Amino acid sequence: MRLPYSWLREVVQVGAPGWDVAPHELEQALIRVGHEVEEVITLGPVSGPLVVGRVSTIEELTEFKKPIRACTVDVGESSPRDIVCGAMNFAVGDLVVVALPGAMLPGDFHIATRKTYGRTSDGMICSAAELGLGSGNSSFDHSGILVLPPGAADPGIDAIGVLGLDDVVFDLAVTPDRGYCMSVRGIAREIACAYDLEFVDPAFNPALVPALPADGPALPVTIAPGTGVSRFALRPVTGVDPKAQSPWWLRRRLLLCGIRPISPAVDVTNYVMLELGHPMHAHDRSRIRGDFVVRFANPGETVVTLDDVERRLDAQDVLIVDDAAVAAIGGVMGAGTTEIDDNTTDVLLEAAVWDPAAVSRTIRRLHLVSEAGRRYERSVDPAVSVAAINRCASLLAEIAGGTVQPTLTDWRGDPQRDDFAPPPVQLPVDLPDRTAGVVYPAGATVRRLTQIGARVSADPDSAVLTVTPPSWRPDLVQPVDFVEEVLRLESLDVIPSVLPTAPAGRGLTATQKRRRAVGKALALAGFVEVLATPFLPAGVFDQWTLPADDPRRSTTVVLNPLESDRPELATTLLPALLEALSRNVSRGFGDVALFAIEQVVQPTGQARAVDLIPTDRRPSEEEIALLDASLPEQPVHIGAVLAGLREPRGPWGPGRPVEAADAFEAVRVIARACGVEVTLRPARRLPWHPGRCAEVVVDGRVVGHAGQLHPSALERSGLPKGTCAVELDLDAVPVVAVLPAPRVSPFPAVFQDLSVVVGADVAARTVIDAVRDGAGELLEDVVLFDVYTGPQIGPDRKSLTLALRFRAPDRTLTEDEASAARDAALARAVELLGAQLRG
């Protein structure tokens, strides 16, 4: 939101005459009390001769493809200047701004006498954008010439002073909970608080807002129940001159705030909205048929809004209608049926307060953002509705010569409300001190809360204040909200930064340490951690051809997902990891190894919706138990995916592609970091390749799977061939608080090889397990280093060669002892698997 400093200073000086600070100092003060200043915009810079001129003659040059005009302009000199211009929005007699040769406009745009289109142009007639007025706003067209109202200045007068180009504009980012700051009234109050000044509220300043009579209703209005209207005011202004123009001071302020001036009736509603923060709408009274009714839209009902777009409404949209048509979408935008035009003489001003949530829903559903809607969805002060409409009516009558009628419609709710302040809150007087760890001066809390507009009363028998928030602060609902106000206005800089002392004997839990150890181990193994999205891509389980009864298809659906096509919470990490892999591959990174440690969501039979629990008390033990039982299980999984080359290509060779063994090794890396022993067994589980998939077993329990993914699943998903993946349930792996220390023997090892022939369908892991079982405790390690198939060993047979390492912990092992253990291992493989020693 943009506000000019001159306007803010004018309002602040009503309560603090003579107050004035440098713009950069005000910027720091606003930041100090909690506002985000996005930019401080200095108008211009403009130097050199910039004057007001009056157009004397216009000659249309028709020999060119685009409209060109040769003009003469009186700039207060002995003879008019010849200027060539391409704009069409001015006429003879209009007052314009002229940059004479030697002037420099914003953007280092130098003006000089030049010949163009066969004529000499001795200067330039300027637009608002070329002068830097409102140029930061892209919502309207700046291509037209800036035409000043009649009587704004005489030709030849310095235009810099007339235009106020020495001003500064503050661009503020207003948070959703502080809608009162979207106005000069709100920011001026914040400035007064920041500098500890007296503040006169412009909404209740008789010099700005006159007391107008209210002799009966201006127009009967009926408010349907449930529409969320807090207040609805109407006041007519009749006899308005349709040819009148808004004065330059008003148009200038609108331009600097990023709003396009249109006509007096529209301009004054926008001006008062910026001044007091209360949006309003001007209707053509002659086009209203019957009374006003505020109701919900009928399903499928349509309306043509002021931007000439027909919009289909929803049953939750709130409308203002008369007996014939829709007059406006409440809080969003007016309709064309009562639009102000060039012939309007009777104006009906409307100032209403709508439900913020309803306005926000309508804005987003219709994609119809407006200045009024932005304020309504942040909440508007209902206590100033009549003040705003009176201010607007008196301004319109002053500018356009109309008459403010002595009638006023002021609907205040059913039952009628006279006080719109939120409920009072009990606040211990020392709570700000205790919260900040600072002893504030006596009376600081009461003074600061009074400055923000709250009513404060103290109980002499207790140290508790009763604080009634002002009507424009619906965000103040609990004691900590008032504490925040005191702290920010007393300056957060005075709160000391104290590093808390960590209690002895505490730190990361065993589970947290394990999680970090696993992540570090995978990172050292060449994997990169990613944050997996918790939502499932649409149709991913169909691409994997999972059966209908697969538990992974049983998902939890979110009612308000971040993306409408992804409402299901993930039951597995693989879809998110494969999506990240695909994104990397599409950007040219083909050799990828990713991992994620995240929670998945697995519904249980007890998961269900529960009734809302009141927030004004602590939930009971029964309610907490009910909430816990209603939640789905959310175990922590660890997943990893690999694609491309596991060993890079180079002068040493073409590199090694990823294979299932790399996924199995990732499992072993995780197991070593967890301090557990794992067993890999052949398994069949989609989306893994049935012949290259292993289930991971810890203490007899299957905790996950690893291997190469199925070629058809990869093809349907658009993923590289040979992609491998791992997914383990980390919560199912026992937590080892103290990792086992490795045993180091000082005695030498004995190495022997063993080659056995087994059936082609016998897994190598089964053979290794049999060898370990038969060799006994002297066998320290066994590694498969060769697999052979061929005619020498017969069909449906394979030869496995194992490297055995024997070592005794208490003596030097002899070759005979190692050979005996090797023979025992062979005997066990023969007994269990029908293996044969390969000669």
Side-chain angles (χ1 to χ4, degrees), residues 12 15-16 19 21 25-37 172-181 185-201 378-379 381 419 421-504 506 614-619:
V12 174
W19 175 84
V21 298
E25 182 182 335
L26 178 58
E27 177 190 9
Q28 294 306 312
L30 289 171
I31 293 172
R32 189 169 59 249
V33 295
H35 294 280
E36 182 180 348
V37 182
L172 305 172
V174 179
T175 55
D177 61 329
R178 305 181 76 178
Y180 71 97
C181 288
R185 177 196 183 204
I187 295 299
R189 182 185 294 277
E190 292 291 297
I191 294 173
C193 292
Y195 287 95
D196 216 355
L197 306 172
E198 290 293 328
F199 178 70
V200 176
D201 193 333
R378 287 169 169 81
S379 78
D381 183 6
D419 187 359
V425 176
Q426 301 296 311
L427 175 70
V429 70
D430 64 340
L431 184 58
D433 305 59
R434 288 189 282 116
T435 302
V438 175
V439 178
Y440 290 115
T445 297
V446 174
R447 177 171 56 88
R448 289 303 188 181
L449 295 181
T450 303
Q451 284 179 341
I452 68 171
R455 300 195 301 268
V456 184
S457 61
D459 185 350
D461 297 329
S462 68
V464 177
L465 302 175
T466 300
V467 187
T468 303
S471 56
W472 58 88
R473 295 297 302 271
D475 58 308
L476 303 178
V477 296
Q478 53 187 339
V480 292
D481 297 329
F482 295 98
V483 169
E484 180 184 0
E485 295 298 302
V486 175
L487 267 56
R488 74 179 180 89
L489 295 180
E490 285 292 313
S491 180
L492 300 178
D493 294 338
V494 304
I495 300 176
S497 299
V498 179
L499 185 66
T501 303
R506 298 186 182 180
T615 58
D616 59 348
R617 60 174 176 80
R618 186 183 187 280

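Computation of the quantities below employed the complete heavy-atom set of this structure, encompassing side-chain atoms and omitting hydrogens, waters and symmetry-equivalent molecules. Please read all numbers here as calculations on a predicted model, not as lab measurements.
Between Arg488 and Glu190 there is a salt bridge, since at least one side-chain N of the basic residue sits less than 4.0 Å from a carboxylate O of the acidic one. By the 4.0 Å N-to-carboxylate-O rule, Glu490 lies close enough to Arg447 to be salt-bridged with it. A salt bridge links Arg185 to Asp381: at least one charged side-chain nitrogen sits closer than 4.0 Å to a carboxylate oxygen.
Contact record, His35 with Cys181: CE1-SG, 3.2 Å, taken as the closest heavy-atom pair. Between Ala194 and Val33, the shortest heavy-atom distance links the atoms CB-CG1, 3.7 Å. Contact between Ala454 and Pro469 at its shortest, heavy atoms only, is CB-CA, 4.4 Å. Summarising the geometry of Thr175 relative to Arg378, their closest heavy-atom pair is O-NE, 3.8 Å, with the distance given to 0.1 Å. The minimum heavy-atom distance between Asp481 and Asp475, with the atom names listed, is OD2-O, 3.2 Å.
Side-chain atoms of Arg448 come within 3.5 Å of backbone atoms of Cys193 as a donor-acceptor pair (strictly under, hydrogens ignored).
Residue Glu198 qualifies as open at atom CD: its count of foreign heavy atoms under 6.0 Å is 12 or below.
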**Report entry** Verdict with reasoning, Leu476 to Val425, per side-chain contact (heavy atoms from CB on, under 4.5 Å)
**Finding:** CA-CA 9 Å; Leu476 303 178; Val425 176; over 6 Å; no

Requested in this report: Kindly determine whether Thr435 and Glu484 satisfy side-chain contact (heavy atoms from CB on, under 4.5 Å), including the steps that lead there.
Outcome: CA-CA 9 Å; Thr435 302; Glu484 180 184 0; over 6 Å; no

**Report entry** Evaluation steps, side-chain contact (heavy atoms from CB on, under 4.5 Å), between Tyr440 and Thr445
**Finding:** CA-CA 8 Å; Tyr440 290 115; Thr445 297; 5.5 Å; no

Query - Chi angles and distances behind the side-chain contact (heavy atoms from CB on, under 4.5 Å) call for Leu427, Val483 - result: CA-CA 9 Å; Leu427 175 70; Val483 169; 4.1 Å; yes

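The side-chain hydrogen bond (donor to acceptor under 3.5 Å, both in side chains) test applied to Gln426 returns Thr466, not counting sequence neighbours. For the side-chain hydrogen bond (donor to acceptor under 3.5 Å, both in side chains) test, residues two or more places apart in sequence or in another chain that qualify with Arg455 are Asp419.
Taking the side chain as every heavy atom from C-beta outward, Ser491 and Arg32 approach each other to under 4.5 Å. Between Ile191 and Trp19, some side-chain heavy-atom pair lies under the 4.5 Å cut-off. Residues Leu26 and Tyr195 have side chains in contact (heavy-atom distance under 4.5 Å, counting atoms from C-beta outward).
Atom CG of Leu30 is separated from atom CD1 of Ile187 by 6.5 Å, given to the nearest 0.5 angstrom.
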